[in-house]
Amino acid sequence: MSQVVTRFAPSPTGFLHIGGARTALFNWLYAKRHGGRFLLRIEDTDRERSTQGAIDAILDGMRWLGLDWDGDVTYQFARAPRHREIAEELLAKGKAYRCYASAQELEEMRERARAEGRPPRYDGRWRDRDPSEAPAGVAPVIRLKTPQDGETVIEDAVQGRVVFPNKDIDDFVLLRSDGAPTYMLAVVVDDHDMGVTQIIRGDDHLTNAARQKHIYEALGWEAPKLAHIPLIHGPDGAKLSKRHGALGVDAYRGMGYLPTALRNYLLRLGWSQGDREFFTTPEMIEAFDLESIHRSPARFDFVKLENMNGHYLRSSEDSELLEALIATLPYLEGGAALAAKLDDKRKTQLAAAMPGLKARAKTLNELVDGSGFLFAERPLTLDAKAAALLSPAAKAHLAALTEKLAALEEWSAAATENIVRETAAAQGVKLGDLAQPLRAALTGRTTSPGIFDVLAILGKEESLGRLRDQAA
RNA sequence: GCGCCCAUCGUCUAGAGGCCUAGGACGUCGCCCUUUCACGGCGAAAACACGGGUUCGAUUCCCGUUGGGCGCGCCA
């Protein structure tokens with residue numbers, strides 16, 4: 001009876017953006033924290049703008065983020081008859097009325113209000129008119145009769161007590177002239193019917209909360225508790241645009257972020273308990289509360305997300321990370337090419353290289369990039385910095401080293417290290433003077449996992465081949 | 001324009017009247033470690049928007065100003 005029920009209710013007019021993802025996360029966390037249910041509702045009453053592609057993207061994004069919902073997805077449009085029924089009920093109770101004002105009339109109303117410095121709102125001209133005055137051939141909308149005096153008080157878990165003057169709340173539309181419900185009506189009816197006990201949504205809905213409260217009151221329904229969380233801003237403090245963070249969550253997957261890292265980052269954006277930065281999923285569920293949500297908006301910072309992602313990458317088990325990497329390959333830059341070459345041998349090499357690779361990567365894309373040397377075909381193409389390392393003198397040193405390595409019987413990181421160190425000493429050069437050209441010849445880069453590990457992973461034949469390629 | 005919300009280092013934040021010479025994290029800079037890069041370690045620079053109150057005492061409470069955000073659709 002007192003079970004907590006939360007919901008995430010996106011409209012499928014675009015992808016699941018980062019702000020929506022955080023809202024979903026908070027709802028999910030709250031439900032988990034209280035042993036409740038987390039429901040998903042697609043608000044597709046706007047037939048013009050809702051698309052199946054957007055629905056798929058949202059569901060896919062939720063799954064990727066690991067935000068599983070309970071039960072079936074509710075599609076709001078399918079509930080239109082129920083919404084109409086409630087609108088009729090309100091009409092019958094005298095809590096709502098038919099309005100025949102034309103679009104042009106409404107436009108004039110708004111313009112006049114603006115000109116006179118009043119809030120642009122419906123003036124209630126059909127509020128008390130007799131239905132017999134209805135113009136012929138005009139399909140009416142149904143509007144709620146809202147209180148004209150006094151104030152509406154919202155008790156919000158995040159915003160506290162917020163008071164709106166009722167004179168600023170007009171008789172808004174519940175049912176459109178074509179019989180379709182508006183968002184305002186649908187959201188109230190659905191939340192009620194779905195048994196939602198706690199609404200957590202963006203604070204762009206705060207003023208809507210006051211309107212919706214009047215619907216609940218007109219219906220005699222108990223309203224869910226509210227929590228309006230601040231929106232996420234872009235790095236410049238302005239609204240999130242596609243330029244900075246308002247990308248679909250699939251874009252974050254494509255940028256190589258781990259869902260666990262993104263969740264942790266999102267949690268800490270506008271929610272905090274002391275100085276603590278990292279939370280595992282069970283820890284987040286245990287710690288999450290509405291009281292610790294801030295009222296001030298936070299800016300999205302890719303740099304910090306990246307750092308956090310690096311932390312998660314490094315602390316991942318090699319096998320799990322490899323699995324995650326392979327699963328994400330189709331979405332990563334250069335991932336498809338890598339996937340095509342990933343046979344059992346390469347997979348084994350990749351697994352062996354993982355400790356050295358993950359220490360140098362902040363994203364899965366960097367992991368892909370760093371593992372490039374495993375998949376490169378001889379003769380390797382060297383990048384500029386690597387090529388610069390292979391001076392004639394360095395090549396001479398390498399040539400000598402190559403012959404010693406060729407004579408090596410037991411090929412291991414430890415064994416090759418001995419040879420390389422001995423050779424450097426014999427040649428009277430520092431280890432780095434030999435190791436760096438070696439790395440350049442072996443990987444084509446100046447950055448890679450430890451060079452002795454690279455030798456071991458590549459194997460004797462391939463290593464010697466690459467060295468001889470560069471000797472010429 | 002009207003209504004509502006917000007305001008601590010560049011960013012995320014700690015701070016709930018004296019514990020603050022304002023703490024942590026990311027980023028930045030310097031040093032160390034090192035075969036490179038990265039990781040890691042050490043250290044540095046860096047903030048209470050402004051103005052009034054209240055108080056013995058304000059980052060913390062109140063008011064105003066400024067700045068930012070959101071809302072004001074037969075969109076959601």
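Order of the sequence lines fixes the chain letters, A, B, ..., with proteins taken first and strands second; residue numbering starts at 1 for each chain. Keep in mind the model is a prediction, meaning the values are calculated, not measured.
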Under-3.5 Å N/O pairs linking protein and nucleotides 47-51 of chain B:
none

Using a 4.0 Å heavy-atom cut-off across all strands, classify [X] as base, sugar-phosphate, or nothing.
X        : value
A/Thr45  : sugar-phosphate
A/Arg421 : sugar-phosphate
A/Gly356 : nothing
A/Ser272 : sugar-phosphate
A/Glu43  : sugar-phosphate
A/Gln436 : base
A/Leu269 : sugar-phosphate
A/Ser11  : sugar-phosphate
A/Met184 : base
A/Phe172 : nothing
A/Val163 : sugar-phosphate
A/Arg314 : sugar-phosphate

Open item on the list: Both A/Gln159 and A/Pro10 contact RNA chain B. Taking the nearest nucleotide for each, which residue is further toward the 5' end?
Closed with: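 Looking at RNA chain B, the more 5' nearest nucleotide goes with A/Gln159.
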Task: Toward the 5' end of RNA chain B, by each residue's nearest nucleotide, A/Arg295 or A/Arg22 - done: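 Comparing both residues, the 5'-ward one is A/Arg295.
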Sidechain-backbone polar pair: [X] side chain, [Y] backbone, donor-acceptor under 3.5 Å:
X        : Y        : value
A/Arg49  : A/Thr51  : no
A/His17  : A/Gly19  : yes
A/Arg314 : A/Asn309 : no
A/Lys404 : A/Thr423 : no
A/Arg268 : A/Trp271 : yes
A/Arg295 : A/Gln159 : yes
A/Gln148 : A/Lys167 : no
A/Asn264 : A/Phe279 : yes

Could you work out which one of [options] sits closest to the side chain of [X]?
X        : options                : value
A/Lys304 : B/rU35, B/rC12, B/rC6  : B/rC12
A/Lys362 : B/rC6, B/rU13, B/rC39  : B/rC39
A/Gln76  : B/rU11, B/rA76, B/rC5  : B/rA76
A/Thr447 : B/rU13, B/rG27, B/rU36 : B/rU36

Are there any protein N/O atoms within less than 3.5 Å of an N/O atom in nucleotides 70-74 of chain B, and if so, which ones and at what distance?
unit_1: B/rG71; atom_1: O2'; unit_2: A/Thr207; atom_2: OG1; d: 2.8
unit_1: B/rC72; atom_1: O2'; unit_2: A/Pro120; atom_2: O; d: 2.8
unit_1: B/rG73; atom_1: OP2; unit_2: A/Pro120; atom_2: O; d: 3.0
unit_1: B/rC74; atom_1: O3'; unit_2: A/Arg176; atom_2: NH1; d: 3.4
unit_1: B/rC74; atom_1: O2; unit_2: A/Ser177; atom_2: N; d: 3.0
unit_1: B/rC74; atom_1: O2; unit_2: A/Ser177; atom_2: OG; d: 2.9
unit_1: B/rC74; atom_1: N3; unit_2: A/Ser177; atom_2: OG; d: 2.9

For [N], give the paired nucleotide (Watson-Crick: N1-N3 plus N6-O4 or O6-N4; G-U: N1-O2 and O6-N3; both under 3.5 Å), or none.
N      : value
B/rU28 : B/rA44
B/rA16 : none
B/rC37 : none
B/rC4  : B/rG69
B/rG64 : B/rC50

Roughly how many Å is it from [atom1] in [X] to [atom2] in [N], rounded to a whole number?
X        : N      : atom1 : atom2 : answer
A/Asp453 : B/rU35 : CG    : P     : 14 Å
A/Asp433 : B/rU36 : CG    : P     : 10 Å
A/Met354 : B/rC39 : CE    : P     : 18 Å
A/Phe302 : B/rC12 : CZ    : P     : 15 Å
A/Phe300 : B/rU13 : CZ    : C1'   : 16 Å
A/Leu305 : B/rC26 : CG    : P     : 14 Å
A/His311 : B/rG27 : NE2   : P     : 13 Å
A/Lys167 : B/rC4  : NZ    : C1'   : 12 Å

- [ ] May I have the step-by-step check of side-chain contact (heavy atoms from CB on, under 4.5 Å) for A/Arg22 and A/Ile232, ending in yes or no?
- [x] CA-CA 9 Å; A/Arg22 188 183 60 154; A/Ile232 297 175; 3.6 Å; yes
Determine the Euclidean distance between corresponding [atom1] atoms of [M] and [N]; express it in Å to zero decimal places.
N      : M      : atom1 : result
B/rA44 : B/rC37 : P     : 25 Å
B/rG27 : B/rU21 : C1'   : 25 Å
B/rU55 : B/rG43 : C1'   : 40 Å
B/rG24 : B/rA76 : P     : 49 Å
B/rG3  : B/rA45 : C1'   : 43 Å
B/rU36 : B/rA16 : P     : 46 Å
B/rA58 : B/rC50 : P     : 15 Å
B/rC48 : B/rC5  : P     : 26 Å

Open item on the list: Can you tell me if A/Glu107 has over 12 outside heavy atoms packed within less than 6.0 Å of its CD?
Closed with: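 Enclosed.
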Open item on the list: Looking at A/Arg360 and B/rC37, is any side-chain donor or acceptor paired with a base atom of the opposite kind under 3.5 Å?
Closed with: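 When only heavy-atom distances are counted, A/Arg360 does reach the base of B/rC37 through a donor-acceptor pair under 3.5 Å.
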Open item on the list: If you compare all heavy atoms of A/Ile58 against all heavy atoms of A/Ser11, which two are closest, and at what distance to 0.1 Å?
Closed with: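 That would be CD1-O, 4.1 Å.
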Task: Modelled atom types, side-chain donor and acceptor of A/Gln76 and A/Asp190, under 3.5 Å - done: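 A pair is found: one side chain offers a donor N or O, the other an acceptor, under 3.5 Å apart.
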Open item on the list: When you measure from the side-chain N and O atoms of A/Arg439 to the phosphate of B/rU36, is any distance below 4.0 Å, counting only OP1 and OP2?
Closed with: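 So the side-chain polar atoms of A/Arg439 never come under 4.0 Å of the phosphate oxygens OP1 or OP2 of B/rU36.
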Task: Plane angle bin for A/Tyr265 and A/Phe300 - parallel if under 30°, tilted between 30 and 60°, otherwise perpendicular - done: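 Ring orientation, 0 to 90° scale: perpendicular.
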Task: Residue pairs involving residues 365-376 of chain A (criterion side chain to side chain donor-acceptor pair (under 3.5 Å); sequence neighbours excluded) - done: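 Qualifying pairs, neighbours excluded: A/Asp369-A/Arg445.
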